[in-house]
Amino acid sequence: ESSFAVARSLDWRESYAVLFTGKSGDMIVSRTVRLPSLFVPKTLAPPVIDGDLADWTDAEWLLLSEDSLSTDFDPKNPHVGTSDLAAEVAIRYDASNVYLAVNVKDDRFFRGSGGDQELFAGDSVQVYFDLKNTARESVRDYDADDAVYSIGLDQAMRPIAWLEKNPGGTRYVGGANEETGIDSDVRVACRKTAAGYVYEMAFPGYTLPFLALAPGSIFGISLLINDNDGAGRKQGVTLGPKGTEPCKTPFLWRCARLMK
């Protein structure tokens with residue numbers, strides 16, 4: 001077992017990989033691990049999930065702007081600056097939940113016209129968890145421990161969390177006990193603002209079954225904030241590297257650590 005000190009000021013926008021090499025008998029084993037660069041504080045006062053950011057006034061916000069633009073889904077329908085789309089994201093946790101707040105600047109809100117399973121095609125937030133932090137370099141697929149959610153409004157304009165990728169088939173959602181669908185245990189609130197909209201979420205620990213909600217736990221996380229002004233899905237903003245999207249690319253997700 002080895003340990004070493006790492007500066008707390010690592011940039012969350014960067015990935016930090018360390019190569020470990022060990023010898024066991026005649027075998028030499030090497031493994032690359034990612035160091036956490038995103039540090040999630042523990043809260044003693046859980047936020048009320050109502051779309052009001054008053055509970056987040058002391059949060060550390062991650063700015064997603066021009067340096068965080070995602071894959072361009074339609075070059076003929078270009079992104080035209082921060083008034084078109086930008087966002088800030090805050091993350092907290094306690095012994096029961098992981099909390100996310102997403103404050104989006106968007107000059108036109110458009111839900112989209114598809115069903116609940118197509119929330120990504122309209123203005124929405126997709127949230128990605130690598131619960132065991134087991135992403136393998138350049139492997140373009142999900143692992144069993146990954147969880148993927150789409151957060152948006154249903155056709156009745158009610159906020160919902162659509163479970164797109166179930167972590168290990170550990171639980172079922174909906175009346176038909178499916179592995180994908182609306183996860184009513186994830187609390188979601190949406191509120192329109194003068195500049196755009198806010199999503200606030202609480203993911204209970206049992207919806208993230210391989211992540212211990214305790215200081216020191218390490219996991220992968222990413223977000224994609226989608227934009228559609230009515231003419232189709234445009235370039236969004238992402239927690240991952242510029243010009244990418246998180247879908248089936250866990251190796252691009254940020255490595256996060258739960259703090260005291």
Side-chain angles (χ1 to χ4, degrees), residues 15 17 20 29 31-40 42 46 49 89 91-100 102 115-120 124-152 154 159-188 199 201-224 226 238-240 244-259:
S15 293
F20 282 92
V29 179
R31 182 186 176 193
T32 299
V33 297
R34 295 183 301 155
L35 300 181
S37 59
L38 197 163
F39 300 93
V40 180
K42 187 173 185 179
I49 306 302
V89 177
I91 312 172
R92 290 175 172 170
Y93 84 102
D94 60 20
S96 301
N97 297 276
V98 173
Y99 305 98
L100 270 74
V102 183
D116 297 337
Q117 70 275 19
E118 298 175 327
L119 294 177
F120 65 88
S124 60
V125 179
Q126 291 173 275
V127 186
Y128 301 78
F129 295 99
D130 179 5
L131 300 172
K132 292 183 177 180
N133 194 37
T134 56
R136 294 160 293 167
E137 189 68 27
S138 301
V139 175
R140 294 183 173 272
D141 203 355
Y142 299 127
D143 290 320
D145 63 301
D146 296 339
V148 180
Y149 281 90
S150 291
I151 309 297
D154 67 11
I160 60 171
W162 178 271
L163 178 58
E164 178 182 332
K165 164 64 176 65
N166 194 310
T170 54
R171 51 190 290 270
Y172 298 96
V173 295
N177 286 329
E178 299 287 346
E179 288 197 5
T180 62
I182 296 175
D183 191 342
S184 57
D185 290 345
V186 176
R187 288 177 288 149
V188 183
Y199 274 110
M201 298 153 254
F203 295 88
Y206 58 84
T207 68
L208 307 173
F210 304 115
L211 176 62
L213 298 184
S217 292
I218 295 175
F219 63 104
I221 186 170
S222 195
L223 280 82
L224 177 59
N226 293 297
T238 179
L239 202 63
T244 69
E245 64 165 318
C247 180
K248 295 188 176 181
T249 55
F251 61 93
L252 295 177
W253 304 353
R254 299 306 180 193
C255 187
R257 180 186 177 98
L258 301 183
M259 305 302 289

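Just the heavy atoms: all of them, side chains too, but no hydrogens, waters or symmetry mates, feed the values below.
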Open item on the list: Could you walk me through whether Asp94 and Tyr99 satisfy the side-chain hydrogen bond (donor to acceptor under 3.5 Å, both in side chains) test, starting with their C-alpha distance in whole Å, then the side-chain angles of each, then the deciding distance to 0.1 Å, before giving a yes or no?
Closed with: CA-CA 8 Å; Asp94 60 20; Tyr99 305 98; 2.7 Å; yes

- [ ] Please report the C-alpha distance between Phe219 and Leu208 in whole Å, then the side-chain angles of each, then the deciding distance to 0.1 Å, and finally whether the side chain to side chain contact (heavy atoms under 4.5 Å, CB included) criterion is met.
- [x] CA-CA 11 Å; Phe219 63 104; Leu208 307 173; over 6 Å; no

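Qualifying salt bridge (Lys or Arg N to Asp or Glu O under 4.0 Å) partners for Arg254, counting only residues two or more places apart in sequence or in other chains: none. Partners of Lys42 under the side-chain contact (heavy atoms from CB on, under 4.5 Å) rule, at least two apart in sequence or in another chain, are Tyr93. With sequence neighbours excluded, the residues forming a side-chain hydrogen bond (donor to acceptor under 3.5 Å, both in side chains) with Tyr128 are Gln126, listed by chain and number. Scanning for salt bridge (Lys or Arg N to Asp or Glu O under 4.0 Å) contacts around Asp143 gives Arg136, with sequence neighbours left out. Considering only residues two or more places apart in sequence or on other chains, Ile218 meets the side-chain contact (heavy atoms from CB on, under 4.5 Å) condition with Pro36, Asn133, Cys255, Arg257.
A distance-only check finds no donor-acceptor pair linking the side chain of Trp253 to the backbone of Phe129 [under 3.5 Å]. Using a distance-only test at 3.5 Å, with no hydrogens or angles considered, a donor-acceptor pair links the side chain of Asp145 to the main chain of Lys132. Under the 3.5 Å distance criterion, the side-chain polar atoms of Tyr149 are left unmatched by any main-chain donor or acceptor of Leu163. Counting only distance, with no hydrogens or angles, the side chain of Ser222 and the backbone of Pro246 share no donor-acceptor pair below 3.5 Å. One N or O on the side chain of Thr238 and one on the backbone of Leu223 form a donor-acceptor pair closer than 3.5 Å. Between the side chain of Ser217 and the backbone N or O of Ala212, at least one donor-acceptor pair lies under 3.5 Å.
Shown here for Asn97 and Ala202, the closest heavy-atom pair between the two residues is OD1-CB, 4.2 Å. Among all heavy-atom pairs drawn from Ala161 and Val188, the shortest one is CB-CG2, 3.9 Å. Residues Tyr199 and Met201 share a closest heavy-atom pair of CB-CE, 4.0 Å. Listed here is the closest heavy atom pair of Val173 and Gly181: CG2-N, 3.7 Å.
With a 4.5 Å cut-off on side-chain heavy atoms, Pro250 and Asp146 count as touching. The shortest distance between side-chain heavy atoms of Tyr142 and Cys247 falls below 4.5 Å. Side-chain atoms of Pro209 and Leu131, non-hydrogen and from C-beta on, do get closer than 4.5 Å to each other.
With values rounded to the nearest 0.5 angstrom, Leu258 atom CG is found 10.5 Å from Leu38 atom CG. To the nearest 0.5 Å, the span separating CG on Asp116 from CD on Glu164 amounts to 13.0 Å. The distance from the CG atom of Leu100 to the CD1 atom of Ile221 is 5.0 Å, given to the nearest 0.5 Å. Taking CG from Asp154 and CD1 from Ile160, the interatomic distance works out to 5.0 Å, rounded to the nearest 0.5 Å. Between atom OG1 of residue Thr244 and atom CG of residue Leu239 there is a gap of 10.0 Å, rounded to the nearest 0.5 Å. Here the straight-line distance linking atom OG1 of Thr134 with atom CZ of Phe251 works out to 13.5 Å at 0.5 Å rounding.
Among pairs with a residue in residues 167-182, those fulfilling salt bridge (charged side-chain N to carboxylate O under 4.0 Å, His left out) read Arg171-Asp183, Arg171-Asp185, at least two apart in sequence or across chains.
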